[in-house]
Amino acid sequence: MLQVSYIRDNREKVLERLAVKNFKQPELVDEIIQMDNDRRQTQNRLDNISAEANSAAKQIGELMRKGKKDEAEAIKAKTGAWKEEIKTLGDALNTLENNLNQKVVLLPNLPHASVPKGLTPEDNEVVLENGVKPNLPADAIPHWELAAKYNLIDFELGVKITGAGFPVYKNKGAKLQRALINYFIDEAEKAGYKEVSVPLMVNEASGFGTSQLPDKEGQMYFVGLDNLYLIPTAEVPITNLYRDVILKADELPIRNCGHTPCFRREAGSYGAHVRGLNRLHQFDKVEIVTIAHPDESYDILEKMSAHVQGLLQKLGLPYRVLRLCGGDMGFGSALTYDMETWSAAQQRWLEVSSVSNFETFQSNRLKLRFRNAEGKTQLAHTLNGSALALPRIVATLLENNQTERGIKIPEVLVPYTKFEWID
RNA sequence: GGAGAGAUGGCAGAGUGGUCGAUUGCGGCGGUCUUGAAAACCGUUGACUGUUAAAGGUCCGGGGGUUCGAAUCCCUCUCUCUCCGCCA
């Protein structure tokens, strides 16, 4: 959520930046400024009357104590009108604030200066490409066929017990999951991220804090009886650990990592591109989250990106890094890098990670602050990224590493899987 | 699920209608002392809003009410704890 004071002071810049994100309602900006003026005016009137009423109440108290009842009664007689006006103005202020908030929440974050203009994924900027795309034999098959051939994943069984998009992993397929999770966590810890294990359901306040709510209810599973949401990503609970917290400057940056399953309704998805592991309702992911000083957050974003790339390199997967264009970026992000691996059997890039700097967009909602050099509270920056999401990694590993003998497990994973081949 | 108790500043914990944004202790910060540290002593220490800076305003779990005046009284919601029951 943008800060109203910032919008007020930087109207032109806000409009210019929102245009990069192809924001459809630029008129909201002026509406918000106008509403904020009204709000401030009302607040001012309310404050003044409250001040009068407060001092009158004090006088009455004093007079009563001195036994000057008549004088006290005289002042009391005047308070009725104030009281009424305080009530009226208070209600008006409430309404104004609510209306204002409802509008502010509609504004996406302002994109960083380096974000390319553009509307669709085709407009994303390829930052770099790394690794060698394997030349598979002509009879190479996609991962869903490999999964069946080697009895690794049973999609139909998942449909029986839950529904489409909830696969059952079996045999070496299940072991590979566990190996990847442990490997990713170990690597994150080596890079300085402290592991946390967090709840898989969150309340509404948490959903709001990381900007899933309001508006993206439709993407999350909701447990109505208890008013809880299943997490679409560990970003939500891990970032919300620091909701309503004022940190010391020397505690920054705070780095956390965690593994969770993620639950996504993926309403509206369909077609060949969602086959197999390409798009699921439940999947496992290791997430890295950083709370950073604003001066450092972009350096840290690069480091987080480098960490993710390091994982892909060690796994021997060809990948590329995209700088998302304004139109393809998430609502709350200021700058996002997507990492995609090359799936050789499907002949397409698969997104396996997304690393973003949210600047103060989340922290303003979270009330996540730190005490700066002047001793004042200041909003921190929040960043997060997948390191990594499992299913498409599994898909790419299976497809790219298929040989006549079987599927070769990358060396770095062998200590975790305890086997070298799926055959 | 049943019964009871509770929610106050970073933490602990006072405060039951007025001078309370809130006693005190711990913690934090600054200082004295010390080669340095500890101890001791002195001072300081909530957030938001607002202003050039002040003043002022708001906040004692959330919301509503009573009153000239509410941390304090009333209603309501949420959460936490204890005991009982059930249970991985």
Side-chain angles (χ1 to χ4, degrees), chain A residues 1-9 32-33 35-102 104 197-209 213-214 222-229 237 240-252 254 261 291 360 362-380:
Chain A
M1 183 164 65
L2 298 178
Q3 292 170 272
V4 176
S5 58
Y6 182 88
I7 298 172
R8 208 197 302 143
D9 297 339
I32 285 168
I33 292 173
M35 288 170 100
D36 186 50
N37 285 340
D38 292 350
R39 198 210 93 232
R40 277 150 40 106
Q41 223 169 56
T42 307
Q43 176 85 63
N44 202 269
R45 282 161 62 199
L46 176 62
D47 285 359
N48 290 337
I49 294 168
S50 299
E52 278 190 85
N54 284 345
S55 95
K58 261 183 198 161
Q59 279 180 50
I60 291 168
E62 220 157 298
L63 291 169
M64 294 293 249
R65 216 166 312 106
K66 290 179 185 159
K68 299 180 179 171
K69 215 176 161 204
D70 290 348
E71 286 179 47
E73 287 300 330
I75 299 176
K76 236 193 233 191
K78 293 197 289 187
T79 58
W82 289 334
K83 225 182 142 180
E84 217 165 289
E85 196 161 359
I86 286 174
K87 170 100 177 94
T88 311
L89 285 172
D91 288 348
L93 187 64
N94 250 328
T95 310
L96 286 168
E97 279 177 350
N98 286 338
N99 291 346
L100 178 61
N101 270 333
Q102 277 176 28
V104 176
S197 181
V198 291
L200 306 183
M201 294 191 214
V202 294
N203 56 30
E204 197 178 331
S206 294
F208 177 80
L213 297 174
F222 178 57
V223 184
L225 201 55
D226 295 294
N227 232 326
L228 297 171
Y229 296 85
N240 270 280
L241 295 175
Y242 302 95
R243 170 151 48 87
D244 291 319
V245 168
I246 300 175
L247 297 160
K248 293 181 193 136
D250 62 15
E251 290 178 279
L252 300 173
I254 289 179
I291 317 290
T360 59
Q362 292 181 329
S363 60
N364 189 31
R365 291 176 168 215
L366 294 160
K367 299 283 165 270
L368 164 49
R369 293 160 291 174
F370 69 99
R371 211 166 286 285
N372 64 21
E374 290 91 61
K376 297 223 165 122
T377 59
Q378 186 182 341
L379 294 173

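A, B, ... follow the sequence lines: proteins, then strands. Residue 1 opens every chain. Note: hydrogens, waters and symmetry copies are ignored here, and every other heavy atom, side chains too, is used.
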Chemist: May I have the list of side-chain donor-acceptor pairs in residues 81-94 of chain A shorter than 3.5 Å, sequence neighbours left out?
Modeler:
residue, atom, partner, partner atom, Å
A:Lys87, NZ, A:Asp91, OD2, 3.2
A:Thr88, OG1, A:Glu84, O, 2.8

Chemist: Within a strict 4.5 Å, meaning less than it, do heavy atoms of the A:Phe370 and A:Thr377 side chains meet?
Modeler: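 No, too far: nothing below the 4.5 Å cut-off.
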Chemist: Using OP1 and OP2 only, check whether a side-chain N or O of A:Lys83 sits under 4.0 Å from B:G69.
Modeler: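 Indeed, a polar side-chain atom of A:Lys83 lies that close.
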Chemist: Does anything in residues 53-60 of chain A reach RNA chain B, meaning a heavy atom under 4.0 Å, and if so which residues?
Modeler: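 Contacts with RNA chain B under 4.0 Å: A:Asn54, A:Ala57, A:Ile60.
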Chemist: Between B:U8 and B:G57, how far apart are the P atoms? Round to whole Å, please.
Modeler: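 The same atom, P, in both gives a distance of 26 Å.
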Chemist: For the pair made of CD in A:Glu84 and C1' in B:C68, what is the distance, rounded to whole Å?
Modeler: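 Rounding to the nearest Å, CD of A:Glu84 and C1' of B:C68 are 15 Å apart.
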Chemist: Should we count CZ of A:Arg45 as having more than 12 external heavy atoms under 6.0 Å?
Modeler: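 No, CZ of A:Arg45 has 12 or fewer neighbouring heavy atoms, counting only those of other groups under 6.0 Å.
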Chemist: Evaluate the criterion side chain to side chain contact (heavy atoms under 4.5 Å, CB included) for residue pair A:Tyr6 and A:Thr360; output intermediate values, then yes/no.
Modeler: CA-CA 11 Å; A:Tyr6 182 88; A:Thr360 59; over 6 Å; no
Chemist: For atom C1', what is the distance between B:U72 and B:U19, given to the nearest Å?
Modeler: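 Per the computed distance, 16 Å lies between those C1' atoms.
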Chemist: Is a side-chain donor-acceptor pair under 3.5 Å present for A:Arg243 with A:Asn240?
Modeler: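 There is such a pair between these side chains.
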Chemist: Taking the same atom, C1', in B:U58 and in B:C41, what whole-Å distance lies between them?
Modeler: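 Comparing C1' positions in B:U58 and B:C41 gives a spacing of 38 Å.
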Chemist: Under 3.5 Å for both distances, Watson-Crick or G-U wobble, that's the pair rule; now give the dot-bracket for RNA chain B, with | marking pairs to another strand and [ ] for crossing ones.
Modeler: ((((((((.[[[..)..(.....]]]((((((.......))))))((((......)))).[[[[[..)....]]]]])))))))....
Chemist: Could you give the distance separating B:A71 and B:G63 at their P atoms, to the nearest angstrom?
Modeler: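 Their P atoms lie roughly 14 Å apart.
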Chemist: Given side chain to side chain contact (heavy atoms under 4.5 Å, CB included), test A:Asn227 with A:Phe222 step by step and report yes or no.
Modeler: CA-CA 7 Å; A:Asn227 232 326; A:Phe222 178 57; 3.3 Å; yes
Chemist: Write down the distance separating the P atoms in B:G43 and B:U24, rounded off to the nearest Å.
Modeler: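 Going atom to atom, P in each nucleotide, I get 12 Å.
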Chemist: Using the P atoms only, state how far B:C83 lies from B:C77, rounded to an integer number of Å.
Modeler: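 It comes out at 26 Å once rounded to the nearest Å.
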Chemist: May I have the distance from A:Glu97 (atom CD) to B:C48 (atom C1'), rounded to whole angstrom?
Modeler: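 About 11 Å, once rounded to whole Å.
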Chemist: Give a yes-or-no answer on whether the side chains of A:Gln3 and A:Asn364 include a donor-acceptor pair shorter than 3.5 Å.
Modeler: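 Note: A:Gln3 and A:Asn364 side chains miss the donor-acceptor criterion.
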Chemist: Report the residue (A:Thr79 or A:Arg369) whose heavy-atom-nearest nucleotide on RNA chain B is the more 5′ of the two.
Modeler: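 Of the two residues, A:Arg369 wins.
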Chemist: Suppose you measure atom P in B:U76 against the same atom in B:C81; what distance do you get, rounded to whole Å?
Modeler: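 It comes out at 24 Å once rounded to the nearest Å.
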Chemist: Please list each protein N or O that sits under 3.5 Å from an N or O in nucleotides 60-65 of chain B, with the distance.
Modeler:
residue, atom, partner, partner atom, Å
B:G65, OP1, A:Lys87, NZ, 3.2

Chemist: Would a 4.5 Å heavy-atom cut-off, applied to side chains only, mark A:Arg369 and A:Leu247 as touching?
Modeler: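 SC-SC contact between A:Arg369 and A:Leu247 ruled out.
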Chemist: Can you tell me, in whole Å, how much space there is between the C1' of B:C59 and that of B:G21?
Modeler: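 Comparing C1' positions in B:C59 and B:G21 gives a spacing of 9 Å.
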Chemist: Checking side chain to side chain contact (heavy atoms under 4.5 Å, CB included) between A:Ile254 and each of A:Ile291, A:Leu241, A:Val245, which is the one that passes?
Modeler: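 Of all the options given, the one that passes is A:Ile291.
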Chemist: Between A:Arg371 and B:G46, does any side-chain N or O lie under 4.0 Å from OP1 or OP2?
Modeler: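 Negative; the distance criterion is not met.
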Chemist: Is a salt bridge present between A:Glu251 and A:Lys248, judged by a nitrogen-to-oxygen distance below 4.0 Å?
Modeler: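 Between A:Lys248 and A:Glu251 there is no salt bridge, as every charged N stays at least 4.0 Å from the carboxylate O atoms.
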Chemist: Expressed as a whole number of angstroms, how long is the span from A:Lys376:NZ to B:G46:C1'?
Modeler: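 Rounded to the whole Å, the gap is 16 Å.
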Chemist: Going through the distances and angles, do A:Asp47 and A:Gln43 end up as a side chain to side chain donor-acceptor pair (under 3.5 Å)?
Modeler: CA-CA 6 Å; A:Asp47 285 359; A:Gln43 176 85 63; 3.1 Å; yes
Chemist: To the nearest angstrom, how far is A:Glu204 atom CD from B:C79 atom P?
Modeler: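 Checked: the CD to P distance equals 13 Å.
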Chemist: Evaluate side chain to side chain contact (heavy atoms under 4.5 Å, CB included) for A:Arg39 paired with A:Glu97, printing each intermediate quantity in order.
Modeler: CA-CA 7 Å; A:Arg39 198 210 93 232; A:Glu97 279 177 350; 3.7 Å; yes
Chemist: Verify the distance criterion only: is there a donor paired with an acceptor across the side chains of A:Asn98 and A:Gln102 at less than 3.5 Å?
Modeler: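 No - no donor-acceptor pair under 3.5 Å links their side chains.
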Chemist: Given atom CD of A:Glu85 and atom P of B:G57, what is their separation to the nearest angstrom?
Modeler: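 In whole Å, B:G57 P lies 16 Å from A:Glu85 CD.
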Chemist: Does A:Gln362 form a side chain to side chain contact (heavy atoms under 4.5 Å, CB included) with A:Leu368? I'd like the steps, not just the answer.
Modeler: CA-CA 8 Å; A:Gln362 292 181 329; A:Leu368 164 49; over 6 Å; no
Chemist: What is the separation between atom CD1 on A:Ile75 and atom P on B:U67, rounded to the nearest whole Å?
Modeler: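 From A:Ile75 CD1 to B:U67 P: 19 Å.
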Chemist: Just verifying a value: how many Å separate A:Asn54 CG and A:Ile49 CD1, rounded to the nearest 0.5 Å?
Modeler: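 A:Asn54 atom CG to A:Ile49 atom CD1 measures 12.0 Å (nearest 0.5 Å).
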Chemist: What nucleotide among B:C68, B:G46, B:U51 has an atom nearest to a side-chain atom of A:Lys76?
Modeler: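 For A:Lys76, the side-chain atoms sit closest to B:C68.
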Chemist: Do A:Phe208 and A:Leu366 come close enough that some side-chain heavy atom pair is under 4.5 Å?
Modeler: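 No - every pair of side-chain heavy atoms lies 4.5 Å or more apart.
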Chemist: Tell me: CG of A:Asp9 to C1' of B:G50, nearest whole Å?
Modeler: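 Answer to the nearest Å: 14 Å.
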Chemist: Residues from residues 41-52 of chain A sitting under 4.0 Å of RNA chain B, heavy atoms only?
Modeler: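 When residues 41-52 of chain A is checked for heavy atoms under 4.0 Å from RNA chain B, the hits, listed by number, are A:Asp47, A:Ser50, A:Ala51.
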Chemist: For nucleotides 85-88 of chain B, give me every protein contact, N/O to N/O, under 3.5 Å, one pair per line with atom names.
Modeler:
none

Chemist: Compare all side-chain heavy atoms of A:Met201 with those of A:Val223 and state whether any distance is below 4.5 angstrom.
Modeler: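 Yes, their side chains come closer than 4.5 Å.
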Chemist: Drop me the distance from A:Leu96's CG to A:Met35's CE, to the nearest 0.5 angstrom.
Modeler: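 Rounded to the nearest 0.5 Å, the CG-CE separation comes to 7.0 Å.
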Chemist: Specify the separation, in whole Å, of atom CG of A:Asp244 and atom C1' of B:G46.
Modeler: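 Going from CG in A:Asp244 over to C1' in B:G46 covers 14 Å.
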Chemist: Nearest-nucleotide wise, let me know which of A:Arg40 and A:Ile246 is further upstream toward the 5' end of RNA chain B.
Modeler: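 By nearest-heavy-atom nucleotide position, the 5'-most residue is A:Ile246.
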